[in-house]
Visitor: 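Mind looking over this structure? Questions follow.
Numbers here simply count residues along the sequence, with the first being 1.
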Amino acid sequence: MNTKDNNNFDIENDIEKKSLNEIDPKLRFDAFTAGIQEGGLRSVSSISLIVCYIIANINGRVTADNITQTMDEGMFANHFEVSDAISKLKKSGVISEDENGALTLINTSKANIELIEMDLPLTVRENSIKLCQKIIAKEKYRRENKVEIIPKNNGFAVNLNISDKDTDFLSLNLFATTKEQAEMIKEKFISDPIKVYETLIEAIFNNQ
């Protein structure tokens with residue numbers, strides 16, 4: 001076996017030193033299934049693999065909370081199984097966590113990612129990456145852009161702000177009749193504030 005083969009870190013076999021039959025997600029259904037949709041992940045090994053897959057594809061930018069939220073919202077895997085998988089992967093040295101909570105897969109060779117891809121459903125792989133990226137973007141928007149909900153006598157004032165350091169690009173005040181409506185405005189804005197800004201600017205300059 002050459003040096004390259006020796007360095008080919010087999011993630012599947014390293015997760016818990018399982019045999020091939022034990023680690024194959026198609027052959028084991030040993031995970032809790034509460035809260036998952038049809039077609040979700042039902043084996044402990046497949047949940048570990050999806051965690052590794054997400055980290056490999058969003059390297060250095062994804063946290064444990066991002067992954068568990070992705071699995072919860074997409075109903076791809078049980079919340080507690082995902083948390084347990086992340087904890088075990090960190091303890092076994094398969095993944096590392098920096099001071100900001102960002103996770104990194106120790107070895108991200110093409111061969112390793114291909115091994116993971118073969119044992120995970122295509123729809124779960126694609127949808128989990130898309131959803132996780134959306135969650136990370138939304139988290140970034142929450143940090144950088146402010147939304148303030150202020151109770152009024154007959155409703156709620158919703159103040160929306162898009163900022164970059166010391167510059168406010170947009171300051172918009174809306175009125176909502178109920179708290180639920182105010183929260184909905186907040187969530188819609190936070191999900192994509194740039195789209196709100198661009199739509200507003202386009203409407204202003206295209207108004208003949």
Visitor: Counting distance only, does the side-chain N/O of Gln181 pair as donor-acceptor with the main-chain N or O of Thr177 below 3.5 Å?
Guide: yes
Visitor: Rounded to the nearest 0.5 Å, how far does SG of Cys52 lie from CD1 of Ile106?
Guide: 10.0 Å
Visitor: Counting only heavy atoms from other residues, nucleotides and ligands, does the tally under 6.0 Å from NZ of Lys146 exceed 12?
Guide: no
Visitor: Are the side chains of Lys90 and Ile86 in touch, meaning some heavy atoms are under 4.5 Å apart?
Guide: yes
Visitor: Please check if Leu172 and Phe205 belong to a single hydrophobic cluster, counting links between Ile, Leu, Val, Met, Phe, Trp and Tyr side chain heavy atoms closer than 4.5 Å.
Guide: yes
Visitor: Evaluate the criterion side-chain hydrogen bond (donor to acceptor under 3.5 Å, both in side chains) for residue pair Asp84 and Ser87; output intermediate values, then yes/no.
Guide: CA-CA 5 Å; Asp84 187 56; Ser87 177; 5.4 Å; no
Visitor: Just wondering, do Leu120 and Ser46 contact through their side chains at under 4.5 Å, heavy atoms?
Guide: yes
Visitor: Within the 4.5 Å heavy-atom criterion, are Asn161 and Asn145 side-chain neighbours or not?
Guide: no
Visitor: What's the separation between atom CZ in Arg125 and atom OH in Tyr53, rounded to the nearest 0.5 Å?
Guide: 5.0 Å
Visitor: Quick one: list whatever passes side chain to side chain contact (heavy atoms under 4.5 Å, CB included) with Ala102, sequence neighbours left out.
Guide: Asp98
Visitor: So, taking the atom named NZ in Lys134 and the one named CG in Asn66, what distance separates them when rounded to the nearest 0.5 Å?
Guide: 14.5 Å
Visitor: If Ile, Leu, Val, Met, Phe, Trp and Tyr residues are connected whenever their side-chain heavy atoms lie under 4.5 Å apart, and connections chain through other members, are Leu49 and Met75 in the same group?
Guide: no
Visitor: A side-chain contact here means heavy atoms from C-beta on lying under 4.5 Å apart; do Phe189 and Val158 qualify?
Guide: no
Visitor: Report the distance from atom CG of Leu131 to atom CD of Gln133, rounding to the nearest 0.5 Å.
Guide: 10.0 Å
Visitor: Would you kindly confirm whether Leu174 and Ile204 end up in one hydrophobic cluster when ILVMFWY residues are joined by side chain heavy atoms under 4.5 Å apart?
Guide: yes
Visitor: If only atom types and distance count, is the side chain of Gln37 paired as donor or acceptor with the main-chain N or O of Gly74 below 3.5 Å?
Guide: yes
Visitor: From the options Ile55, Asn127, Asn57, Ile54, select the one residue that forms a side chain to side chain contact (heavy atoms under 4.5 Å, CB included) with Cys132.
Guide: Ile54
Visitor: Are Glu148 and Lys186 ion-paired here, with the side-chain N under 4.0 Å from a carboxylate O?
Guide: no
Visitor: Do Val147 and Asn159 come close enough that some side-chain heavy atom pair is under 4.5 Å?
Guide: no
Visitor: Would you kindly confirm whether Leu170 and Ile201 end up in one hydrophobic cluster when ILVMFWY residues are joined by side chain heavy atoms under 4.5 Å apart?
Guide: yes
Visitor: Between Ala176 and Ala182, which heavy-atom pair has the shortest distance, and what is it?
Guide: CB-N, 3.6 Å
Visitor: Do Ile67 and Ser128 make a side-chain contact, defined as non-hydrogen atoms from C-beta onward lying under 4.5 Å apart?
Guide: no
Visitor: Do Val124 and Leu41 come close enough that some side-chain heavy atom pair is under 4.5 Å?
Guide: yes
Visitor: Are the side chain of Thr199 and the backbone N or O of Val196 linked by a donor-acceptor pair below 3.5 Å?
Guide: no
Visitor: Going from OG1 on Thr70 to CZ on Phe76, what distance comes out if it is rounded to the nearest 0.5 angstrom?
Guide: 8.0 Å
Visitor: Search all heavy atoms of Thr68 against all heavy atoms of Ser83 and return the closest pair with its distance.
Guide: CG2-OG, 3.7 Å
Visitor: For the atom pair CD1 (Ile136) and NZ (Lys138), what is the distance rounded to the nearest 0.5 Å?
Guide: 13.5 Å
